Amino acid sequence: MISVNGVAIDEARLQAELPRHQHEPDPAQSASRELVLRELLLQRARELGLAQGDNDADVRAVLAAEVRTPQADEAACRRYYEQHPGQFLSGALVEVWHILFQLTPRVDPRRLRARAGEVLQEVHRAAPDAFADYARQYSNCMSAQEGGRLGDIGRGDTLPEFEQAVFAMPAHTLLDRLVQTRHGFHIVRTGRKVEGTPMAFDAVHARIAAWLAQASERRATHQYLQWLVGQARIEGLDMPGADSPLLQ
């Protein structure tokens with residue numbers, strides 16, 4: 001039994017939370033840590049007189065009251081712009097094929113990852129034109145009917161973690177590792193690439209400021225959750241850090 005400052009987190013709460021963590025390597029541990037952090041925030045809401053009886057609203061109220069996020073100034077935005085030129089190209093495209101091993105609540109993520117890895121090795125040993133056959137056989141995406149082809153992908157067209165992986169790949173390449181997203185595990189192959197042309201700083205200033213603000217908020221929230229954990233009496237669960245979907 002897990003307890004947080006003497007408040008028990010029972011099995012019913014854990015089972016209700018568990019489906020939201022099926023994509024994690026250890027769903028039970030991830031769900032348990034999430035419940036501990038949420039309980040700490042709800043307790044803090046009561047201490048501060050912010051509790052209104054709506055758990056989600058109470059959590060937001062605590063974070064708004066106690067987490068201070070510095071805003072990125074123009075100099076910081078310009079430094080980011082100059083250090084990441086590849087992120088600010090107009091017309092950049094990459095042709096992509098993939099094989100998706102989809103995560104669902106009833107699927108064991110570790111077994112799914114292992115199976116995806118086995119197929120990845122098979123694809124690497126096979127002839128290049130065999131990718132489409134593997135996609136039709138294994139992929140859980142509608143693109144399987146097209147041999148896994150997603151077509152030309154531009155910046156912002158897909159999930160950030162998928163975009164980052166495919167735009168970092170050379171043209172006409174089969175990636176030697178799996179790409180993990182919230183949807184599952186992907187085997188990825190690229191075709192042609194269009195590098196695009198640089199965008200002016202003024203055109204992307206607002207976007208960079210928003211990105212940096214979000215990153216700053218995640219760091220500040222992480223530090224605050226770590227502080228709460230350090231102040232609390234937590235039994236029945238190891239809490240080495242404060243990683244949580246609350247930060248996402």
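Every value quoted in this text rests on a predicted model; they were computed, and no experiment measured them. This chain uses plain numbering: 1 for the first residue, then up along the sequence. Scope of the values below: all heavy atoms of this structure, side chains included, with no hydrogens, waters or symmetry mates.
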message: How close do Glu82 and Pro85 get, counting heavy atoms only, and between which atoms?
response: O-CD, 3.6 Å

message: Trp211 vs Phe88, test: ring pair (Phe, Tyr, Trp, His ring centres under 6.0 Å). Steps then yes/no.
response: CA-CA 13 Å; Trp211 287 347; Phe88 308 108; 5.8 Å; yes

- prompt: Can you tell if the side chain of Arg189 reaches within under 4.5 Å of the side chain of Val96, non-hydrogen atoms only?
  reply: no

field: Backbone N/O of Tyr80 and side chain of His84: donor-acceptor pair under 3.5 Å
entry: yes

- prompt: In terms of hydrophobic clustering (I, L, V, M, F, W, Y; side-chain heavy atoms under 4.5 Å; direct or indirect links), are Phe131 and Leu175 co-clustered?
  reply: no

side-chain contact (heavy atoms from CB on, under 4.5 Å) evaluation trace for Val107 with Gln102: CA-CA 9 Å; Val107 172; Gln102 186 178 21; over 6 Å; no

Audit row: Ile153, Phe162, side-chain contact (heavy atoms from CB on, under 4.5 Å) steps and yes/no: CA-CA 10 Å; Ile153 290 177; Phe162 191 84; 4.0 Å; yes

field: From Ile9 atom CD1 to Glu34 atom CD, the distance as rounded to the nearest 0.5 Å
entry: 10.5 Å

query: Excluding sequence neighbours, so at least two apart, what forms side chain to side chain donor-acceptor pair (under 3.5 Å) with Arg207?
result: none

message: Regarding Arg46 and Asp58, does a basic nitrogen lie under 4.0 Å from an acidic carboxylate oxygen?
response: no

- prompt: Is Met199 reachable from Ile208 through a run of hydrophobic residues whose side-chain heavy atoms are each under 4.5 Å from the next?
  reply: yes

Heavy-atom side-chain contact between Leu174 and His124 under 4.5 Å: yes

field: Within-4.5 Å side-chain heavy-atom neighbours: Glu95 and Lys193
entry: no

- prompt: Any side-chain heavy-atom pair from Leu42 and Val59 closer than 4.5 angstrom?
  reply: yes

- prompt: Within the distance-only criterion (no hydrogens, no angle test), does the side chain of Thr190 pair as donor or acceptor with the backbone N or O of Met169 below 3.5 angstrom?
  reply: no

task: Return the minimal non-hydrogen interatomic distance between Arg44 and Leu228, and the atom names on each side.
output: CD-CD2, 4.4 Å

Path from Leu237 to Leu18 over hydrophobic side-chain contacts below 4.5 Å: no

query: Taking side chain as C-beta onward, heavy atoms only, is Phe185 less than 4.5 Å from Val179?
result: no

message: Under 4.5 Å between side-chain heavy atoms, counting indirect links through other Ile/Leu/Val/Met/Phe/Trp/Tyr residues: same cluster for Val166 and Val194 or not?
response: no

- prompt: How about Trp97 and Val188: do any of their side-chain heavy atoms sit closer than 4.5 Å?
  reply: no

statement: CZ (Arg60) and CG (Leu41) are apart, to the nearest 0.5 Å, by 12.5 Å

Contact check, side chains of Phe101 and Ile99, non-hydrogen atoms, under 4.5 Å: yes

- request: Could you give me the CA-CA distance, side-chain angles and deciding distance for Thr181 and His186, then say whether side-chain hydrogen bond (donor to acceptor under 3.5 Å, both in side chains) is met?
  value: CA-CA 8 Å; Thr181 71; His186 307 253; 2.8 Å; yes

- prompt: For the side chain of Ser216 and the backbone of Thr69, is there at least one donor-acceptor N/O pair under 3.5 Å apart?
  reply: no

task: Would you tell me whether Asn5 and Gln43 have side-chain atoms, one donor and one acceptor, within less than 3.5 Å of each other?
output: yes

task: Enter the distance from Glu146:CD to Cys141:SG here, rounded to the nearest 0.5 Å.
output: 10.5 Å

- line: OG of Ser3 to CG of Asp10, rounded to nearest 0.5 Å, is 12.0 Å

task: Apply side-chain contact (heavy atoms from CB on, under 4.5 Å) to Ile2 and Ser32, showing your working.
output: CA-CA 8 Å; Ile2 301 170; Ser32 298; 3.7 Å; yes

- request: Please determine if Arg38 and Asp56 form a salt bridge, counting it only when a charged side-chain N lies under 4.0 Å from a carboxylate O.
  value: yes

Enclosure of Gln164 CD (heavy-atom neighbours >12, cutoff 6.0 Å): no

- prompt: What's the shortest heavy-atom distance between Ala165 and Arg177, and which atoms?
  reply: CB-NH2, 4.1 Å

query: For Arg125, which residues count as a salt bridge (Lys or Arg N to Asp or Glu O under 4.0 Å) partner, sequence neighbours excluded?
result: none

field: Nearest heavy atoms of Ala144 and Arg136, plus distance in Å
entry: O-CG, 3.1 Å

statement: What one should report as the nearest heavy-atom pair of Leu35 and Leu14 is CD1-CA, 3.7 Å

Presence of salt bridge, Arg13 and Glu17, under 4.0 angstrom: no

message: Between Leu48 and Glu66, does the side-chain contact (heavy atoms from CB on, under 4.5 Å) criterion hold? Intermediate values first, please.
response: CA-CA 10 Å; Leu48 298 174; Glu66 301 222 289; 3.6 Å; yes

query: Is the side chain of Thr221 donor-acceptor paired with the backbone N or O of Arg218 at a distance under 3.5 Å, no angle test?
result: no

With Glu122 via salt bridge (Lys or Arg N to Asp or Glu O under 4.0 Å) - residues at least two apart: none

- request: State the CG-CG distance between Leu212 and Asp73, to the nearest 0.5 angstrom.
  value: 9.5 Å

- prompt: Are Glu217 and Arg68 ion-paired here, with the side-chain N under 4.0 Å from a carboxylate O?
  reply: no

- line: One should read off an interatomic distance between Thr158 OG1 and His98 NE2, to the nearest 0.5 angstrom, of 8.5 Å

field: N-O pairing of Arg115 and Glu118 below 4.0 Å
entry: yes

field: hydrophobic_cluster_shared for Val67 and Leu37, side chain cutoff 4.5 Å
entry: yes

Side-chain heavy atoms of Arg149 within contact of Ser143, under 4.5 Å: no

- request: For Ala116 and Ile187, work out which heavy atoms get closest and say how close.
  value: O-CD1, 3.8 Å

- request: Is it possible for you to check whether Arg78 lies under 6.0 Å from the centre of the six-membered ring of Phe201, through NZ or CZ, and within 45° of that ring's axis?
  value: yes

message: Taking His21's backbone N and O only, do any of them form a donor-acceptor pair with Ser30's side chain (distance below 3.5 Å, no angle check)?
response: no

query: What's the verdict on side-chain hydrogen bond (donor to acceptor under 3.5 Å, both in side chains) for Gln87 and Tyr81, showing C-alpha distance, side-chain angles and the deciding distance?
result: CA-CA 8 Å; Gln87 294 185 16; Tyr81 171 79; over 6 Å; no

- prompt: Under 6.0 Å from the six-membered ring centre of Phe167 and within 45° of its axis: does the NZ or CZ of Arg155 meet both?
  reply: yes

